[in-house]
Amino acid sequence: MVDAVLISVALALLLNLVVALIVIMRRREGDDWLLAVLLVTTSGAGVAVLLSRLTHTERMIDIALVLTATAVVTAAVRAAARIHTPPAAAAGQGEST
Amino acid sequence: MSAAVIMDIVGALLVVSGVVFFTAGTVGLIRFPDVNSRLHALTKADNLGLGLLLAGVAMLWASWLIAGLLLLTWVLALLAASVSAHLLASLNNPALKSAGTAARARHGSRDSSSRDHSSRDHSAQDHSTQGRGVSGHGTDR
């Protein structure tokens, strides 16, 4: 019973992810790539954790941890690049990207 | 009803409520008109959904070690979302964009005026060297 709930929740998460990525790809706005990174991170971590419980494999939780840690690194690198970029160039980058 | 069954039920309820918030965040991501409002949908709804989902799975595992790992996962997800949201919001700030346009215009005028000053300085140095009858550089120190 609980396994059926977990499987349906995992499928719902994957469906959410696929639909959102399709919409983001079609939209083609500059800053949506970071939104896509966040979405993949949260949805991927959720699916990994659900699979860990379904397969009774604790190692799958490490996958969720790595996904979120990678997202933190991505955000930190982007923030560091933003700090070292002059405001005028950053605003121009925001307009163009 | 045993404690294990109760924990399974509570865990399943938490997981289902987590996916409801995930779906709400995805709908917001699709429907909201601009990046700033999409940020709200993604960072708030998705992270709350992830937290509920992780809490539910922690209940199902019934292990403190795994609960700690899942808590760490959620904290990292919150960190990533908050930094990214701040970045995107600052890049999409209309005041910053208009200030950036004005700053670029000022930089452009300053560069051209500095080039004019440097060309005038060079011409002044040429006049002074011609007055003293010295040619070439490095002879006067």
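Below, read A as the first sequence line, B as the second, and so on, with proteins coming before strands; counting in each chain starts at 1. Please read all numbers here as calculations on a predicted model, not as lab measurements.
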task = Determine the option with the most heavy-atom pairs under 4.5 angstrom with chain B, choosing from V9(A), N16(A), V72(A).
result = N16(A)
query = Which bit of V23(A) is near chain B, if near means a heavy-atom gap under 4.5 Å: side chain, backbone, both or neither?
reply = side chain
Nearest heavy atoms of A75(A) and A80(B), plus distance in Å = CB-O, 3.9 Å
key: Considering all heavy atoms, the nearest A20(A)-T26(B) contact   = CB-CG2, 3.8 Å
request  = Look up atom CG in L65(A) and atom CG in L72(B), then write down how far apart they are to the nearest 0.5 Å.
outcome  = 5.0 Å
ask   = Heavy-atom distance under 4.5 Å to chain A: side chain of T73(B), backbone, both or neither?
value = both
task = Side chain from CB out, backbone as N, CA, C, O: work out which of these in S8(A) comes under 4.5 Å of a heavy atom of chain B, or both, or neither.
result = neither
key: Atom pair CG/OG1 of L13(A) and T23(B) - distance to nearest 0.5 Å   = 7.5 Å
key: Among L53(B), D46(B), L42(B), side chain to side chain contact (heavy atoms under 4.5 Å, CB included) partner for T42(A)   = D46(B)
Hydrophobic cluster identity match, L13(B) and L70(B), side-chain contacts under 4.5 Å = no
query = Measuring from S63(B):OG to I61(A):CD1, what's the distance to the nearest 0.5 Å?
reply = 8.0 Å
query = Any chain of hydrophobic side-chain contacts (each under 4.5 Å) joining I63(A) to L14(A)?
reply = yes
ask   = Do the side chains of I24(A) and L29(B) get nearer than 4.5 Å, heavy atoms only?
value = yes
task = Under 4.5 Å heavy-atom distance to chain A, tell me which part of T43(B) shows up: side chain, backbone, both or neither.
result = side chain
task = With a 4.5 angstrom heavy-atom cut-off, could you sort out which part of S43(A) is near chain B: side chain, backbone, both or neither?
result = both
request  = Identify which part of L50(B) has an atom lying under 4.5 Å from any heavy atom of chain A, answering side chain, backbone, both or neither.
outcome  = side chain
ask   = Using non-hydrogen atoms only, which part of V5(A) is less than 4.5 Å away from chain B: side chain, backbone, both, or neither?
value = side chain
inquiry  = Counting heavy-atom pairs closer than 4.5 Å to chain A, which one of N47(B), L69(B), L54(B), I66(B) comes out on top?
reply    = I66(B)
ask   = Do W74(B) and T68(A) have side-chain heavy atoms sitting under 4.5 Å apart?
value = no
key: Cluster overlap L78(B) with F22(B), hydrophobic side-chain contacts below 4.5 Å   = yes
ask   = Measuring from I9(B):CD1 to M1(A):CE, what's the distance to the nearest 0.5 Å?
value = 9.0 Å
W61(B) to E58(A) - nearest heavy-atom pair and separation = CH2-CG, 3.7 Å
ask   = L6(A) versus chain B, heavy atoms under 4.5 Å apart: side chain, backbone, both or neither?
value = side chain
inquiry  = With a 4.5 Å cut-off on side-chain heavy-atom distances among I, L, V, M, F, W and Y, is there a chain of contacts connecting I7(A) to V2(A)?
reply    = yes
message = Between A71(A), A64(A), S52(A), A76(A), who has the most heavy-atom pairs with chain B when the cutoff is under 4.5 Å?
response = S52(A)
task = Check the hydrophobic clustering (I, L, V, M, F, W, Y; side-chain heavy atoms under 4.5 Å; chains of links allowed) and say if L15(A) and L21(A) are grouped together.
result = no
key: Residue among L39(B), D8(B), V16(B), L60(B) with most heavy-atom pairs under 4.5 Å to chain A   = L60(B)
